[in-house]
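Within every chain, numbering begins at 1; the chains are lettered A, B, ... in the order of the sequence lines, protein sequences first and strands thereafter.
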Amino acid sequence: MRTNTVETVCEDCGLVIDEQKIDHGPEWRSFATDEETLNRTGAPLTVARHDRGLSTKIGRRTDSNGNELSGQKRQRLARMRREQTRGRFQSKAERNLAHGLGEVRRIASVLELSDSVRDQACQLFRSAQSEDLLRGRSIEAIAAASVYGVCRCNGHSRLLDDVVDAARVEQSRVTNAYKTLNTELGLPAQPVRPSEFIPRLASELEVPVYIRQRARRLAEQSESTGVASGVKPSGFAAACLYKAGREEGRWLTQAEVAEAASVTSTTIRSHRDTLNELAV
DNA sequence: ACGATTATTGCGTTCTT
DNA sequence: AAGAAAACAATAATCGT
């Protein structure tokens with residue numbers, strides 16, 4: 001990890017993990033002689049909008065002091081607004097960018113992602129466009145793939161299905177877009193860890209907290225020893241929950257946890273055995 | 001419901017062309 | 001180098017208790 005003033009970069013893979021982490025804040029400066037009248041010179045910059053948040057909006061109905069406008073002035077303002085909107089996008093690429101970032105923002109908001117993650121997704125979309133990955137693919141697909149990719153890189157427990165539900169694109173298109181994003185941009189997508197599934201499964205099964213914690217410990221332990229590699233993460237997580245429940249009494253059946261993780265009870269048994277070998 | 005056994009699938013490796 | 005094929009591990013299905 002290397003952090004300079006602008007961005008945080010993983011040195012192994014070169015991924016920009018967090019860009020513009022520093023909030024420069026509004027530029028408070030006073031040009032007046034007395035320091036009490038501070039004026040801000042603009043909104044904070046953001047990566048989440050195509051113009052980095054610098055666009056100007058022309059309001060309706062009232063002037064800057066809140067007074068009603070006369071009909072003639074309203075007409076003039078309406079014309080100004082129209083022409084400004086027309087001139088906002090200089091190129092087709094910029095229109096695409098605005099559209100894509102809008103979609104990214106929408107999906108991120110549906111999934112209730114943090115602002116930091118959302119901005120990373122926006123940044124990823126920008127990279128995708130500058131690497132010319134958009135041609136032949138829909139903007140929506142790339143946007144969804146960007147969100148999913150960032151979730152994967154951050155170890156968030158958002159599944160592809162969740163993102164696809166939030167996006168209005170077929171799953172196959174998102175998968176395709178994500179694959180190209182992954183190969184062309186070399187995303188450091190971490191494997192999905194079983195422990196990420198514990199909370200989701202536990203709440204679905206309405207499992208007491210202490211069992212959930214026990215299951216989580218089991219999962220994390222197994223992850224560190226590497227026995228959980230190469231298996232379906234949700235299945236392994238389900239097995240952890242099953243074993244935790246059994247240790248604390250008899251709360252869960254194999255069929256139940258299997259159902260919740262959409263695997264079969266055979267998978268639960270097989271993982272349970274590997275867990276037992278580990279604990280002794 | 002659980003366990004043991006057999007069947008299938010998916011995937012990286014290796015052999016061919 | 002691209003594709004076919006034999007091989008292996010994970011998961012699913014089935015049957016027995």
**Request:** Under the side-chain hydrogen bond (donor to acceptor under 3.5 Å, both in side chains) rule, what do Q254(A) and R269(A) come out as? Steps first, then yes or no, please.
**Result:** CA-CA 8 Å; Q254(A) 296 178 356; R269(A) 284 193 284 277; 2.6 Å; yes
Pair [X] + [Y]: basic N to acidic O under 4.0 Å:
| X | Y | answer |
| --- | --- | --- |
| E220(A) | R216(A) | yes |
| D162(A) | R200(A) | yes |
| R193(A) | E196(A) | yes |

Give the rounded distance in Å between these two atoms: [atom1] of [X] and [atom2] of [N].
| X | N | atom1 | atom2 | result |
| --- | --- | --- | --- | --- |
| R272(A) | dA10(C) | CZ | P | 16 Å |
| Q254(A) | dA4(B) | CD | P | 11 Å |
| H271(A) | dA10(C) | NE2 | P | 8 Å |
| I268(A) | dA1(B) | CD1 | C1' | 14 Å |
| N276(A) | dG3(B) | CG | C1' | 14 Å |

Which nucleotide in [options] has an atom nearest any side-chain atom of [X]:
| X | options | result |
| --- | --- | --- |
| T253(A) | dA12(C), dT11(C), dC2(B) | dC2(B) |
| R246(A) | dA10(C), dC2(B), dA13(C) | dC2(B) |
| R269(A) | dT11(C), dG3(B), dA12(C) | dG3(B) |

**Request:** Describe the nucleic acid contact of G235(A) in one word from base, sugar-phosphate, nothing, applying a heavy-atom distance below 4.0 Å.
**Result:**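 G235(A): no heavy atom of the nucleic acid under 4.0 Å.
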**Prompt:** When only distance counts, do a donor and an acceptor, one from the side chain of T267(A) and one from the base of dA12(C), lie under 3.5 Å apart?
**Reply:** no
